[in-house]
Structures are given as structure tokens and as C-alpha cells.
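These notes are about the structure you will find just below.
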There are 2 protein chains.
Amino acid sequence: MENKDAVNALAALAQESRLAVFRLLVRFAPEGLTPGVIGEQLGLPAPTLSFHLKTLAQAGLVTAVQEGRFVRYRAEMPRINGLIAFLTEDCCGGNLQLCTPKGNINE
Amino acid sequence: MENKDAVNALAALAQESRLAVFRLLVRFAPEGLTPGVIGEQLGLPAPTLSFHLKTLAQAGLVTAVQEGRFVRYRAEMPRINGLIAFLTEDCCGGNLQLCTPKGNINE
DNA sequence: TCCATATTTCCATAATATTGGAAATATGGA
DNA sequence: TCCATATTTCCAATATTATGGAAATATGGA
């Protein structure tokens, strides 16, 4: 991942509503959700939500698939994992145990 | 970590110069670096760098310690690890292998 | 004390992002 | 075909952020 890609992804996540949308989609990965459901869950007006979903999609953090008259949005897990790797790259000059004692994001 | 804290941290990282500063400090963790060295490495004017370091510090991503007439900045690794955990919390409804095949940020 | 150096604050300019109402578009079902 | 519903685009007002020159502050050494 390049610096600019990472900045784009981080900027997409650095907004309260978008972060909530993304985390909801992470929770509902890999099935995904429709804007209708997302908006209902988070109490967001449709235009606002549409704007935020577009931003997340442009950053590569979610993908959209048309399903009849619905659109299914999904969290792009490889993307977020790539971002995470980028953030901790060469951590402590390679001496990992110095800064990530457990070394695992899932603990 | 709360949503607002996460947004603060993400916003701090969502800027090209600041992301570069943070990653440099991650690489040089846990010793840290002074603004002089950072500015030289990244080609940033002192006032700009000072502004960005302050922003990173306010977000809890770096800490500053006075050392004589230098200030030593360090990446706050527990903070970034907390942010990473927050981003992937309840991923796939707990079915981790679905979205993080390797499950480890360091691979 | 005085000076050189390290770092920060002040400030004005410029650029960018967020919001949601109203309207437009698209789709499937009656 | 016509309608109800899902989603997006348009738009303008508002708010937030980045930049770096000039000046201020702080520290140790001479």
C-alpha cells in the first residue's frame, strides 16, 4: 500500500458516521447490508449515508453490488488488513515483540 | 476505545505528513526521535512539523518527553494497537477466519 | 550574562469536507 | 403501463483543516 492510498483510507474512516458504517459492515461481513438497513440502524438520512458510502467505496474499504433494486455493501477486509499492516510496518525496526506484545489484533 | 477517540486517532493519521511522521516513529520505536531529526528526514518546516506532532499527541498516538533542549517523541504503540482492534471488532460476527485468514497483523 | 540552537505559538490565506432537503433515477410488482 | 420504494445526485451553507513566514520561548554552553 502506498502512503496516499493509506491516507485516503484513513480519511474515509476518520469521520464519525463513516466509521460507524464501516464497523457495522465489518460486523456483518461477509454478507454485507443495504443502505436502507444501515441508515435505519444508525439513524442516518439517505443522502448523507449515500455520500458516506461513496467515500468509503472510493477508498476501497467497501464494495457495492446491485441486487435488484437494492445495493449490497460489503466491508473489504483485505483492504483494512492491508491498512493495518501499513500502519505497523517495520515496527521497532523489526523487533516486533517490543511494541506488539501479543502480536495479534484479535486478542 | 470509544468511537470519538477512534475518529480522533484516525483523523490524526489521515494526513500525508502526519502519517509519514507516525510511521517514522513506529520504525524508531521505542526510542523515539526529536523534531529536528524528523523534520530533516521528511523535509518538513519546523512550524508545520510542530503542528502535526501536536495533533498526533492530542490523539494519543505519540508522546513527548523533554530532554534538555530537545523533545523526544515516541509512537504510542498500545494506542495504535487499540485502534486496530477497534477497527476489526466483532469482525464477521466473531467468525474471525472468514475475514482475516491469517489473523495476524504481522504477516 | 550572552549567544546559538531547538521548538513552539501566532496568524492569515487557501483548500477541503459535512450536512440534509429537494429532486432525479432505477427497479420490481400490480 | 403505473406506482411504491430504494438509492443517488444536486446544491448551497457551514465548518474544519493545512500551510509556513515571522516572532516568541526555552535551554545549555561559552
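The chains referred to below are lettered A, B, ... by the order of the sequence lines, with proteins before strands, and numbering in each begins at 1.
Rounded to an integer number of Å, the gap from A/Arg69 CZ to D/dT5 C1' is 5 Å. At whole-Å resolution of the value, CG in A/Leu53 and P in D/dT9 are 11 Å apart. Atom CG of A/Leu56 and atom P of C/dA17 are 14 Å apart (whole Å). Atom pair B/Glu40:CD and C/dT5:P shows a separation of 14 Å (rounding to whole Å applied). For the pair B/Glu16 CD and C/dA15 C1', the interatomic distance rounds to 15 Å; values are reported in whole Å. One interatomic measurement links the two molecules: CG of A/Leu10 to P of D/dA18, which rounds to 13 Å at whole-angstrom precision. Put simply, CD on B/Gln58 is 13 Å from C1' on C/dT8, counting in whole angstrom units. Per the geometry, CG belonging to B/Leu33 stands 15 Å off C1' belonging to C/dA6, to the nearest Å.
Of the residues B/Asp5, B/Leu61, B/Leu87, the one that meets the side chain to side chain contact (heavy atoms under 4.5 Å, CB included) test with B/Leu10 is B/Leu87.
The side chain of A/Pro35 lies closest to D/dT8, out of C/dT7, D/dT8, D/dA4. The side chain of B/Phe51 approaches D/dA18 more closely than any other nucleotide in the set D/dA4, D/dA18, D/dG28.
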Pair B/Val37-B/Leu24, side-chain contact (heavy atoms from CB on, under 4.5 Å): steps then yes or no:
CA-CA 10 Å; B/Val37 173; B/Leu24 187 64; 6.0 Å; no
Mind running side-chain contact (heavy atoms from CB on, under 4.5 Å) on A/Arg79 and A/Val62 for me, showing each step along the way?
CA-CA 9 Å; A/Arg79 182 73 166 173; A/Val62 306; over 6 Å; no
Apply side-chain contact (heavy atoms from CB on, under 4.5 Å) to the pair A/Leu25 and A/Ile38, showing each step before the final yes or no.
CA-CA 9 Å; A/Leu25 288 175; A/Ile38 299 169; 4.0 Å; yes
Taking it one step at a time, do A/Thr34 and A/Glu67 satisfy side-chain contact (heavy atoms from CB on, under 4.5 Å)?
CA-CA 9 Å; A/Thr34 62; A/Glu67 286 187 4; over 6 Å; no
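Between A/Phe70 and A/Lys54, the one whose closest nucleotide on DNA chain D sits nearer the 5' end is A/Phe70.
Rounding to the nearest 0.5 Å gives a distance of 7.5 Å between CD of B/Gln41 and CZ of B/Arg27. A/Phe28 CZ to B/Asp90 CG: the interatomic distance, rounded to the nearest 0.5 Å, is 10.0 Å.
In summary, B/Glu89 and A/Arg23 engage in a salt bridge, as defined by a charged side-chain N under 4.0 Å from a carboxylate O.
Neither OP1 nor OP2 of D/dT16 sits under 4.0 Å from any side-chain N or O of A/Gln15. Checking the phosphate oxygens (OP1, OP2) of D/dT8, a side-chain nitrogen or oxygen of A/Tyr73 falls inside 4.0 Å. A/His52 has a side-chain polar atom (N or O) that falls below the 4.0 Å cut-off from OP1 or OP2 of C/dT19.
Within the nucleic acid shown, B/Arg18 comes within 4.0 Å of sugar-phosphate atoms alone, with no base atom in reach, counting heavy atoms only. Residue B/Thr55 is classed as having no contact, given no heavy-atom separation below 4.0 Å to the nucleic acid.
Proximity of a side-chain donor or acceptor of B/Glu76 to a complementary backbone N or O of B/Pro78 within less than 3.5 Å is not detected. A donor-acceptor contact shorter than 3.5 Å links the side chain of A/Arg74 to the backbone of A/Pro30.
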Let's test your reading of the pairing rules: Watson-Crick or G-U wobble, both distances under 3.5 Å, then write DNA chain D as a dot-bracket string with ( ), [ ], | and dots.
||||||||||||||||||||||||||||||
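Of the residues in residues 43-50 of chain B, those placing a heavy atom less than 4.0 Å from an atom of DNA chain C are B/Ala46, B/Pro47, B/Ser50, in numerical order.
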